[in-house]
Amino acid sequence: MQVVQSPRQMNDAIREERRKDKSIGFVPTLGFLHEGHEALMREARRENDILVVSRFVNPTQFRKKAFDVYPRDAARDNEICARNGVDYVFAPETEDMYPYGFDTAVEVRNLTGRLEGAKIRWHYRGVTTVVAKLFNIVQPDNAYFGEKDAHQVAIIRRMVKDLNFPVKIIGVATIRANDGLAQSSRNSLLTKDERKAARKIPWAIKEIAERIKLGFTDRAALTRGLIGMIESEPGLKVDYAALVDPVTLRTEDHGGETMIYAAVYVGDKRLTDNLIVKHGCATGG
Ligand code: AMP
């Protein structure tokens, strides 16, 4: 396994692999890897000759304070990558990705504004810009994204289609801890009490899923119910919650699936979770 910092060197290595006709699988991450990331790596490892994982805490998708406290552990990440059969870890520094004079942004205009995107448009602009750069550097055939970040997957799919990136986007189901909480690097920032409180998020989402399966259709009432259940737990404050179509991310009525989505402050940490409910059965998310 090689750890590469320079975009130029990464791109040279990929071109060499491509000359040998190798297929490239890519898992972009912010690092501080956990079982969710490993699920993406496993799938990518199975389906490609060469596996590249990037580790980059992208400053343009964070508020300064959240960027500063984001957990980092390069040595541990490299170990996890090595045991998952990664060929290249691409770990640039901020200056490598945003050198002096950097002045371009990639934005998916309408989809970005759905869900809570209107409030954090700058965040998704940061994500699409960095993912576009990573795709150009790594030139993957297949790129793997977690459905935990459903809004992100939808936006990336749109960007790839609109800008003709020659890459297939593969969504991977959410990996959860034993207590039901979706695995997230941010979970490591939670105190013991916050962690306990946070379990209410997946619990409440599941409750709403059950109601939908029982035939409840009043979205506004279900959303109020979701917020009420989450906020009945001291220490939890819903930043945004909605029931939407999982493809269009619109709240109006649609076909046979609903995504239950919540972004919740646990203390000053913001966690997101979602579940997609089909008519008659809950899946993925
Ligand atoms: P992050 O490092 O948080 O940006 O995550 C990198 C990738 O891993 C993204 O595509 C995430 O959606 C995905 N991911 C994060 N947590 C999970 C999880 N619990 N299950 C599956 N995928 C995840």
Side-chain angles (χ1 to χ4, degrees), residues 25-47 51-63 66-67 69-74 76-78 80-81 84 86 89-92 97 115 120 123-135 138 140 142-160 167-190 195 198-199 201-202 205 246 249 259 261-264 269-276 283-285:
F26 180 41
V27 177
T29 81
L30 299 169
F32 211 74
L33 304 176
H34 52 67
E35 287 159 35
H37 300 112
E38 287 188 272
L40 271 60
M41 289 185 215
R42 269 197 303 277
E43 193 157 335
R45 180 64 285 171
R46 262 202 314 274
E47 296 172 354
L51 171 53
V52 183
V53 171
S54 66
R55 175 180 69 236
F56 180 56
V57 185
N58 175 34
T60 64
Q61 70 188 69
F62 282 98
R63 290 197 170 88
F67 175 78
V69 303
Y70 199 82
R72 296 160 168 90
D73 191 339
R76 184 174 154 273
D77 285 347
N78 290 347
I80 292 173
C81 286
N84 281 280
V86 171
V89 174
F90 177 48
M97 294 297 274
L115 292 176
I120 51 170
H123 161 79
Y124 285 112
R125 194 187 302 127
V127 171
T128 39
T129 302
V130 81
V131 171
K133 283 172 69 69
L134 290 167
F135 283 174
V138 175
N142 301 299
Y144 298 79
F145 290 85
E147 280 161 6
K148 174 180 169 287
D149 301 297
H151 196 179
Q152 175 171 281
V153 181
I155 289 170
I156 299 289
R157 283 191 200 283
R158 189 73 254 165
M159 176 188 84
V160 160
V167 54
K168 185 170 163 203
I169 303 301
I170 293 148
V172 178
T174 302
I175 303 293
R176 295 179 182 279
N178 288 338
D179 61 4
L181 201 61
Q183 296 280 11
S184 166
S185 310
R186 285 187 180 88
N187 294 351
S188 70
L189 301 172
L190 301 175
R195 170 87 198 202
R199 295 186 305 199
I201 305 166
I205 289 177
L249 306 181
M259 181 167 80
Y261 179 91
V264 180
K269 276 76 73 176
R270 190 174 184 276
L271 302 183
T272 62
D273 201 349
N274 74 81
L275 189 69
I276 295 173
T283 61

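Since we're looking at a predicted model, the values are computed, not measured. First listed ligand is number 1; within each ligand, the first listed atom is number 1. The analysis underlying the following values was restricted to heavy atoms, covering all of them including side chains, and did not include hydrogens, waters or symmetry mates.
For the pair N274 (side chain) and K148 (backbone), a donor-acceptor distance under 3.5 Å is present.
Residues forming a side chain to side chain contact (heavy atoms under 4.5 Å, CB included) with A177 (at least two apart in sequence, or on another chain): D179, Q183, R195.
Distance check: L190 CG to L271 CG gives 5.5 Å after rounding to the nearest 0.5 Å.
A salt bridge does not link D73 with R55: every distance from a Lys NZ or Arg NE/NH1/NH2 to an Asp or Glu carboxylate oxygen is 4.0 Å or more.
For a heavy-atom separation below 4.0 Å, the residues in contact with ligand 1 are P28, T29, L30, H34, G36, H37, L40, F145, G146, K148, D149, Q152, A173, T174, I175, Q183.
Taking the six-membered ring for Trp and thresholds of 30 and 60 degrees, H151 and Y124 have ring planes inclined between 30 and 60 degrees apart.
Checked against a 6.0 Å centroid threshold, the rings of H37 and F32 do not count as neighbours.
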